[in-house]
Amino acid sequence: MSDAKPPRSKPRAPKPKNLAAETPAPDFAILGGPTEDGEGTHLVRFRAGGVSAGEIRPVKEGEPVTHRELVRLHPVDAERRVMRVETLHAPEPTPERSEVARPSRPARVSNERYRRNYDAIFESKRSKEDDDWSVN
């Protein structure tokens, strides 16, 4: 018996690249009528996360854009007012209310009786030397 392996009949084909991971998700908007003050335009936006309605306004010099999304519109079909949306700046997501850290002790603006009862109820493990509750 020989230990030689028979040659493969077909060479292995390279794995196809995942095009979905390389190309960004489509982001389109359909423009509507002007806003009440006439400075902006209403729109409906279609992106991977879903559909949303809003308005778009021109950027004013000196106005902060950190809490807003900054986009550029590229016309796809001018007659139907369909635009491709390019996001230039997206604001940081705000944490949910439940994710915000809460203090483990009562506020320091309470009186001494309240603090004693709090410690009695919740069995505070702080040392007696740490009784300095002064705010200043």
Side-chain angles (χ1 to χ4, degrees):
M1 288 199 124
S2 79
D3 290 333
K5 294 180 182 177
R8 292 186 191 156
S9 59
K10 288 191 222 176
R12 288 187 183 173
K15 290 184 180 181
K17 293 182 179 179
N18 187 358
L19 296 178
E22 292 178 8
T23 57
D27 190 356
F28 291 94
I30 299 175
L31 300 180
T35 57
E36 290 179 10
D37 60 3
E39 291 186 17
T41 303
H42 293 284
L43 62 85
V44 178
R45 188 169 176 187
F46 302 90
R47 52 182 154 180
V51 178
S52 58
E55 56 186 45
I56 190 164
R57 296 178 174 273
V59 178
K60 294 179 182 173
E61 188 173 339
E63 185 176 283
V65 293
T66 56
H67 63 286
R68 294 185 180 157
E69 191 170 25
L70 186 62
V71 297
R72 178 181 293 150
L73 300 179
H74 301 279
V76 173
D77 186 355
E79 185 178 308
R80 292 190 178 97
R81 299 177 58 133
V82 177
M83 307 285 178
R84 183 176 57 85
V85 180
E86 176 187 359
T87 303
L88 302 174
H89 169 73
E92 294 288 325
T94 56
E96 294 292 324
R97 190 162 184 80
S98 62
E99 295 175 10
V100 176
R102 296 182 185 196
S104 61
R105 306 275 311 145
R108 291 186 169 234
V109 295
S110 59
N111 61 27
E112 187 60 37
R113 180 177 169 203
Y114 180 87
R115 284 186 231 120
R116 278 194 312 265
N117 288 334
Y118 181 91
D119 290 340
I121 292 170
F122 296 105
E123 300 176 347
S124 174
K125 294 181 174 59
R126 68 186 180 98
S127 67
K128 297 297 179 187
E129 299 166 22
D130 192 21
D131 276 343
D132 182 23
W133 280 79
S134 64
V135 176
N136 295 334

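Computed from heavy atoms alone, side chains included, the values below leave out hydrogens, waters and symmetry copies.
- From Glu92, atom CD reaches atom OG1 of Thr66 across 10.0 Å, with rounding to the nearest 0.5 Å.
- Listed by chain and number, the residues in a salt bridge (charged side-chain N to carboxylate O under 4.0 Å, His left out) with Glu36 amount to none (sequence neighbours excluded).
- The salt bridge (charged side-chain N to carboxylate O under 4.0 Å, His left out) search around Arg116 returns none, not counting sequence neighbours.
- Smallest separation of non-hydrogen atoms from Val85 and Phe28: CG2-C, 4.0 Å.
- With a 4.5 Å cut-off on side-chain heavy atoms, Met83 and Leu43 do not count as touching.
- Of all heavy-atom pairs spanning Gly32 and Thr41, the tightest one is O-CG2, 3.4 Å.
- Proximity of Leu31 to Leu73: side-chain heavy atoms (C-beta onward) are separated by under 4.5 Å at one or more points.
- In this structure, the side chains of Val44 and Phe46 come closer than 4.5 Å at one or more pairs of heavy atoms.
- Within the 4.5 Å cutoff, no side-chain heavy atoms of Arg57 are placed close to those of Glu63.
- Evaluation of the salt bridge (charged side-chain N to carboxylate O under 4.0 Å, His left out) rule for Glu39 yields Lys60 as partners, not counting sequence neighbours.
- Using a 4.0 Å cut-off between a side-chain N of Lys or Arg and a carboxylate O of Asp or Glu, Arg45 and Glu69 qualify as a salt bridge.
- Remark: Thr35 OG1 to His42 NE2 distance equals 5.5 Å, nearest 0.5 Å.
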